[in-house]
Asks: 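After the structure tokens below, expect a handful of questions from me.
In what follows, every chain begins at residue 1, and chains take the letters A, B, ... in the order their sequences are listed.
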Amino acid sequence: MQILPTSVPITYTSGEQIEVYRFSIPVTIGVPLVALFLQAFLPRRLTFFAYLDLPLLVTIFFAMARRNPIAGLLTGAAIGLTQDCLTAGPIGVYGIAKTVVGFAASSLGAKIDAENAGTRALLTLGFYLLHGIVYFGVARWLLSLSQRFSWSHGVVAGIANAVLGVGLYFLLDKLKQRT
Amino acid sequence: MESVLSRYRNLVILVGVLFLQVLGLAVQVKRGSDAQDTRLIRIWAVGAITPMEKGLVALQNGSSNLWHNYLYLRGVRAENRELKEQIEQMRLEQVRLNEDAAQARRLQSLLAFKEQYISKTEAAQVIGSSGSDLSRGIYIDKGSENGVQPDMAVITAGGIVGKVLRVYPSTSLVILINDQTSGVGVILEKSRLQGVLGGTPNGEVMMKEVMSDEQVLPGETLLTSGGDQIFPKGLPVGTIAKVGAPKDLFLSITVKPSANLDRLEEVLVVLQKKEKQAVAADVPRARAADILAQRLPSVPEQPAPVPSAGGAGTASSAAKTAAAGAQPSHPESAGQVSGQAAGPTAGETAVHSTAGSSGTGKQQVADPSVGTKKPLAPAVAPPTAKPQGTVSQPRTPAPQSDTPPPSDADTPH
């Protein structure tokens, strides 16, 4: 019996069928660094950029593409801790928030198909809010900083990040390597 | 046990990584502010990010300079002419301000005031931000190699910006005044009410620690009080934008900063400030007289009323002061005359004419017993009158000898 090569695109629905990607070392290091650089550089030139969180989007992208919870949480921790180092505050606030998001994104990415734009946008919105809640919780209850959390602000900023994220993921997809 | 760990391996690692970070946070909180000791991880992170920022800013400046300095020169001649005119105007203004400053120094020296001077600054370029709402900070392109140290004040021509928090070899992190952890001692310019300036989580600047029974009006200017030992006294901070309802016995005062904190490009780091006692500097008289001649060309020459040759200088200066005092429509001129009279021969006169209005200045100086302290003393406020006699006398010994003794010839009949 001859097996015909599949010419139709496969719709991934089960855990076994979902593809896992990897990235080259320059991409793994360079993309988060560029994201951190833009996050520090652009808000002083473009005020609206302060609402965006490029390191978070990169964390979500890498975590969902690798689909490995440990790799996801370590990626999130590394990016978050580096982001903490640039601030005047204590190291660990962004680290904890992005660790949680990295773990959640990779765990979820291993279970659902997150290749289409709509799913990615919704997931990004959800992860942005999760990041905000964890960040607020750590700042408020662990460090006693007078942080305010506004749902309306969070949703609006989350939508903006989701829109940017969809475009950014499309660009970063080109850097993926199949395992 | 092993099977449980392997089954929940991912969760165990997540909890472990989170636990380590919480532990790290707890250590940092327990140690307090780590502003003084910069951690290695911060140096690595800043070292990885800031070179890109520096490069991009340098590229941006280079292209901007090329365009503005070599290509786009339209209207430069006209602008140059206008600027020259402005310089001329400002020179005149500068002379007047110098006179005022000299008077202020004399008064301060009488009261043994100690002043803080900004003696050395370093211009720095803003290359980036902390990129976080939790901490509002900026990175500048000057670090320990340029003499920058933690807790140095950072200012612009408009007003104060913040203070240096962390210093790296070639960059520094500056915490802005709208950060919630910052605190600056401030004073209201008119009411002299003191408070503490700080930021809020959403980036507003507030004046705190002002009791609710105090009266604070929107629009009033806010200056540094010098109480924080970081910012020298008297630097512009901002204006009162809004006075809200009192909370917990304190007023809720929103401040609009003088410096545009969102659009900072270049700043000045105060490397050195000196504290010294104010010393009255002698102002060159000829220069002030030239300016007076330009401003008041119609003032008639007063004949010298003093017959003796030794008192001619003082008499003519007194006559000019009297002339200025007699012209209420020229308050600036009156100030200048007092400044002129505040030269080495008539330091006391300057103090007196400052204390009163132009009219009183005229009366005091035109008093026939000018040059002697006894008749002048009642004309000024008692606290000023006492130290004046004690301090100014040894400082100006020469005029005493030039000044004629009170005689009948000085007294108008």
Asks: At a 4.5 Å cut-off on heavy atoms, which part of A/L81 comes close to chain B: side chain, backbone, both, or neither?
Replies: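 Looking at A/L81, just its side chain touches chain B.
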Asks: Quick check: closest heavy atoms across B/L56 and A/F37, and the distance to 0.1 Å?
Replies: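 Answer, listing the atom of B/L56 first, then A/F37: CD2-CZ, 3.6 Å.
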Asks: Report which part of A/L33 has an atom under 4.5 Å of a heavy atom belonging to chain B: side chain, backbone, both, or neither.
Replies: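 It is both, since atoms from each part get that close.
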Asks: side-chain contact (heavy atoms from CB on, under 4.5 Å), that's the test. Do B/V57 and A/F41 meet it? Break it down for me.
Replies: CA-CA 9 Å; B/V57 168; A/F41 184 77; 3.6 Å; yes
Asks: Using a cut-off of under 4.5 Å on heavy-atom pairs, state which of A/L36, A/I70, A/L38, A/T82 scores highest against chain B.
Replies: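 Most heavy-atom pairs within the cutoff with chain B belong to A/I70.
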Asks: Counting only non-hydrogen atoms closer than 4.5 Å, does A/Y135 touch chain B with its backbone (N, CA, C, O), its side chain (CB onward), both, or neither?
Replies: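 Just its side chain gets close to chain B.
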Asks: Can you tell me which of A/S107, A/A40, A/G72, A/G102 forms the most heavy-atom pairs within a distance under 4.5 Å of chain B?
Replies: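 Most heavy-atom pairs within the cutoff with chain B belong to A/A40.
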Asks: Mind checking whether B/Q60 and A/R45 have side chains closer than 4.5 Å, heavy atoms only?
Replies: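 A side-chain contact under 4.5 Å exists here.
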Asks: By number, which residues in residues 14-22 of chain B have some heavy atom less than 4.5 Å away from chain A?
Replies: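 Result: B/L14, B/V17, B/L18, B/Q21, B/V22.
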Asks: Could you name the residues of residues 159-168 of chain A that have a heavy atom within less than 4.5 Å of a heavy atom in chain B?
Replies: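 Contacts with chain B: none.
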Asks: Verify, without hydrogens or angle tests, whether B/R42 (side chain) and A/C85 (backbone) share a donor-acceptor contact under 3.5 angstrom.
Replies: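 A pair under 3.5 Å: yes.
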Asks: May I have the step-by-step check of side-chain contact (heavy atoms from CB on, under 4.5 Å) for B/I13 and A/F103, ending in yes or no?
Replies: CA-CA 10 Å; B/I13 292 175; A/F103 180 81; over 6 Å; no
Asks: Is A/N68 in contact with chain B via its backbone, its side chain, both, or neither, using a 4.5 Å heavy-atom distance?
Replies: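 Neither part.
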Asks: So which atom in B/L25 and which in A/V138 form the shortest heavy-atom distance, rounded to 0.1 Å?
Replies: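 Result for this residue pair: CD1-CG1, 3.7 Å.
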Asks: Quick check: closest heavy atoms across B/S132 and A/T87, and the distance to 0.1 Å?
Replies: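 That would be CB-CG2, 3.5 Å.
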Asks: Show your working on side-chain contact (heavy atoms from CB on, under 4.5 Å) between B/Q28 and A/L143 and close with a plain yes or no.
Replies: CA-CA 10 Å; B/Q28 292 173 68; A/L143 299 174; over 6 Å; no
Asks: By a 4.5 Å heavy-atom criterion (distance strictly below it), what part of B/D179 contacts chain A: side chain, backbone, both, or neither?
Replies: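 Answer is neither: B/D179 stays 4.5 Å or more from chain A.
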Asks: By a 4.5 Å heavy-atom criterion (distance strictly below it), what part of B/L23 contacts chain A: side chain, backbone, both, or neither?
Replies: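 For B/L23, neither part sits under 4.5 Å from chain A.
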Asks: Under a 4.5 Å heavy-atom cutoff, which of B/G131, B/G137, B/S135 has the most pairs with chain A?
Replies: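 Looking at each of B/G131, B/G137, B/S135 in turn, B/S135 comes out on top.
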Asks: Against chain A, label B/I41 side chain, backbone, both or neither, depending on which of its atoms sit under 4.5 Å from a heavy atom there.
Replies: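 The answer is both parts of B/I41.
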Asks: Could you tell me which non-hydrogen atom of A/R44 sits nearest to which non-hydrogen atom of B/S129, and how far apart they are?
Replies: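 Minimum heavy-atom contact is CG-CB, 3.7 Å.
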